[in-house]
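Below, chains carry the letters A, B, ... as their sequence lines are ordered, and counting in each starts from 1. All values derive from a computational prediction rather than experimental measurement.
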Amino acid sequence: MDKKEIVKILEEIGRLLEIKGENPFKARAYYNAARRIEVLQEDLTRLVEEGRLKELKGVGDALAQKIETLVKTGRLPYYEELKASVPQGLLEMLKIPGMGPKKVKTVYEKLEITTIGELEYACHENRLRDLPGFGLKTQQKILKGIELRKKYTERFHLPVALEEAAKIKRYMEAHPAAQKIEIAGSLRRRKETIKDIDLLIACRQQDREALVKHFVSYSEVDAITNQGHTKASVVLKSGLACDLRLVEEGQFPFALQYFTGSAAHNTALRHRARVQKLTLNEYGLFPENAEQSIPCASESDVYRHLGLAFIPPELREDFGEIEAAEKGALPQLIEKKDLKGLFHVHTTYSDGASSIEEMARRAMELGFDYIGICDHSKAAYYANGLSEERIKMQHQEIERLNEMLDPFVILKGIEVDILPDGTLDYSDDVLETFDFVIASVHSSFNLEEEAMTERICRALRHPLVNMLGHPTGRLLLGREPYAVNMDKVLEVAARFNKVIEINANPYRLDLDWRQGIKAAKMGIKVAVNPDAHSLDGLNDFEYGLAIARKSWFTASEVLNSYSVEKLKSFFKAQQNAM
DNA sequence: GCCGTTTTCGGCCCGACTGTTTTCAGTCG
């Protein structure tokens, strides 16, 4: 059983224990262990084999044994018995706002309600109203929650959230009482999908009411879900939720740190503060028994007082960034100014909307020195993939354009299909005519993991392949990644000096940043590739850049930071090394 | 269920908001 499934089971055990009313700290122990496993860099199976599970903080005798059983047998009798003793619908119920473990337990025990449908019906029948700890308001809130859940279950792609956030930020900035304003939360950390926007504002105490009122009066607000003196929550018409928090100006750096998260990062940070006899919260950093916070003018100050270097928001996922900050070993993350060019650009030769020249000129306007044109290969007939004949035409056109646009350079690339058996869609003598080759999977997504892994690894071992395109084929919120053992793919990439694409299309963001962190540690090079099919698509590189940063990459490991000369010799060296 | 240069027992991160209460429990982030 793999890591992801084990994490899910440990979390579910935690929730089941809570619903059953067991010791809440016992439940928390399962959550903690789940988180520890989730961020584990090492191979879990190996850890089990070497009997080193208990080295993990938060994993003792009992949990080590349970995890070992799961890894070895794929089953856990304790979990199965627990699960069987609690109706499945109760876990679903926890997802309704206002329904926590205690309330779920109450409706189950008093009303024998086991599904969300039954819960909704009971609300309509006024049967929740008289339960202990419930009332009319609670019943209404739960009913509203069920309705909202039906309407807005999804998460949102990064561009949607960024645009909504920018709009509401501008709207709030227009209010004279707003002294400082920042987007915090997962958006600031550039997670690949977003559930809600966290908006943080510094203001004087006497202006709070006016700002909350201004916030809930925003024209895009569809529903107000929470409204107090220092915070308010709304659902926007787009379906995206937005939380507002108000703090005083002096508290702003602490609040920004706190509300940027992640929860796991903050928990670790607060624990660190405790060890230093300090208390960290959204209002300050307090020495023991002190009323006054240690003053900090910025987030950097907060981290500095905890003995840490400033940790860029993208890294705050409790993936080792705190330890690295302590040792001064944080990477110098790649920045926009480091990017000299873009790869993986489609044109009207296959399924793109713009010509080579149009794409090149837009790239020049964006300040780049080169682009790599990569249309589809012939197997991608649905995408008008290039025949050998049309490749020649395209190359002639690129040569003409290169003379015209000099010193800007258009590189002759291709996105060649990896066929189901791992061979490529062109013969070697055709592949040799390109400056570089990206190999991608576009068909037969349903192979078994072993076959898919070998298919991709075989393509990567091909001497003429320079990069692997969208390594897992996932579509965020749309299609699961295909079954592939990425650890093996990364191993092969490292051994043969192959580049892995960070596909910057916001529906893909593939390589996933969690794998990206591994890749960076292994010294693997990546390329931020917009996979652009239109002029605007070129701008998607920003999302890929965010993921490269989130994956701990410095400029020297990101191919886009290379000059044209350095690139050409790198591509040649890749081929000669085989 | 985990953990310990205060502890092998008694703690476990912290605070706002809501609704149900009449001082607080539950939920949420």
J.: Scan for ring-ring contact (aromatic ring centres under 6.0 Å, His included) pairs involving residues 218-250 of chain A, sequence neighbours excluded, and state none if there are none.
T.: A:Tyr171-A:Tyr218

J.: Using atom P in both nucleotides, what's the gap between B:dC2 and B:dT6 to the nearest angstrom?
T.: 23 Å

J.: If you define the side chain from C-beta out and look only at heavy atoms, does anything of A:Lys103 sit under 4.5 Å from A:Phe134?
T.: yes

J.: Please check if any side-chain donor atom of A:Tyr482 sits under 3.5 Å from a side-chain acceptor atom of A:Glu449, or the reverse.
T.: no

J.: Identify whether the distance between the nearest side-chain nitrogen and carboxylate oxygen of A:Asp43 and A:Lys3 falls below 4.0 Å.
T.: no

J.: Does anything in residues 3-21 of chain A come within less than 4.0 Å of DNA chain B? Heavy atoms only, and list the residues if so.
T.: none

J.: Do the side-chain N and O atoms of A:Gln332 and A:Thr554 include a donor-acceptor pair separated by under 3.5 angstrom?
T.: no

J.: Which whole number of Å gives the distance between the P atom of B:dT18 and that of B:dC3?
T.: 37 Å

J.: Which residues in residues 28-37 of chain A have at least one heavy atom lying under 4.0 Å from any atom of DNA chain B?
T.: A:Arg28, A:Ala29, A:Tyr30

J.: For A:Glu49 and A:Thr45, test the side chains for any donor-to-acceptor distance below 3.5 angstrom and give the result as yes or no.
T.: no

J.: First and last nucleotide of DNA chain B touching chain A, 5' to 3', heavy-atom cut-off 4.0 Å?
T.: B:dG1 to B:dG29

J.: Across all strands, who's sitting opposite B:dA16 as a Watson-Crick or G-U wobble pair, both distances under 3.5 Å?
T.: B:dT27

J.: Should the pair A:Lys144-A:Glu147 be classified as a salt bridge under the 4.0 Å nitrogen-to-oxygen rule?
T.: no

J.: Are any of the side-chain nitrogens in A:Lys72 or A:Glu68 under 4.0 Å away from the carboxylate oxygens of its partner?
T.: yes

J.: Cut-off 3.5 Å, side chains only: do A:Asp531 and A:Asn503 have a donor facing an acceptor?
T.: yes

J.: Got a second to check how far A:Arg189's CZ is from A:Trp513's CH2, nearest 0.5 Å?
T.: 8.0 Å

J.: Considering only the P atoms, how many Å lie between B:dT22 and B:dC13, rounded to the nearest integer?
T.: 31 Å

J.: Looking at A:Glu192 and A:Arg514, does any basic side-chain N land under 4.0 Å from a carboxylate oxygen?
T.: yes

J.: When the ring planes of A:Tyr30 and A:Tyr78 are compared, do they come out parallel, tilted or perpendicular, using 30° and 60° as the limits?
T.: parallel

J.: Would you check if there is a donor-acceptor pair between the side chains of A:Glu11 and A:Tyr31 at a distance under 3.5 Å?
T.: no

J.: What interatomic distance, in whole Å, is found between P of B:dT20 and the corresponding atom of B:dG15?
T.: 26 Å

J.: When rounded to the nearest Å, what value does the distance between P atoms of B:dC17 and B:dC12 take?
T.: 24 Å

J.: Counting the atoms with a prime plus P, OP1 and OP2 as sugar-phosphate, which does A:Lys141 contact under 4.0 Å by heavy atoms, base, sugar-phosphate, or nothing?
T.: nothing

J.: Decide, yes or no, whether a salt bridge links A:Glu248 with A:Arg204 under the criterion of side-chain N to carboxylate O below 4.0 Å.
T.: no

J.: How far, in whole Å, is B:dT8 from B:dT23 if one measures between their P atoms?
T.: 37 Å

J.: When all nucleic acid strands are considered with a 4.0 Å heavy-atom cut-off, which category describes A:His271: base, sugar-phosphate, or nothing?
T.: nothing

J.: Judged by each residue's nearest nucleotide on DNA chain B, which is more toward the 5′ side, A:Thr279 or A:Gln139?
T.: A:Thr279

J.: What contact category does A:Thr230 fall into here, base, sugar-phosphate, or nothing, at under 4.0 angstrom with non-hydrogen atoms?
T.: sugar-phosphate

J.: State whether the side chain of A:Thr73 and the backbone N or O of A:Arg75 hold a donor-acceptor pair below 3.5 Å, judged by distance alone.
T.: yes

J.: So what does A:Pro101 touch, heavy atoms closer than 4.0 Å: a base, only the sugar-phosphate, or nothing?
T.: sugar-phosphate

J.: Do A:Ser262 and A:Arg316 have a side chain donor and acceptor closer than 3.5 Å?
T.: no

J.: Which sits closer to the 5' end of DNA chain B, A:Arg245 or A:Asn23, going by the nucleotide each is nearest to?
T.: A:Asn23

J.: Which label fits B:dT7, syn or anti, where anti is any glycosidic angle not within 90° of 0?
T.: syn

J.: Would you jot down, in residue-number order, the residues of residues 247-264 of chain A having a non-hydrogen atom under 4.0 Å from DNA chain B?
T.: A:Tyr258

J.: At under 4.0 Å between heavy atoms, what does A:Lys105 touch on the DNA or RNA strands: base, sugar-phosphate, or nothing?
T.: nothing

J.: Sub-3.5 Å donor-acceptor pair from the side chain of A:Gln139 to the main-chain atoms of A:Arg129, do we have one?
T.: yes

J.: Heavy atoms within less than 4.0 Å of DNA chain B: which residues of residues 68-97 of chain A have one? Give them sorted by number.
T.: A:Ile96, A:Pro97

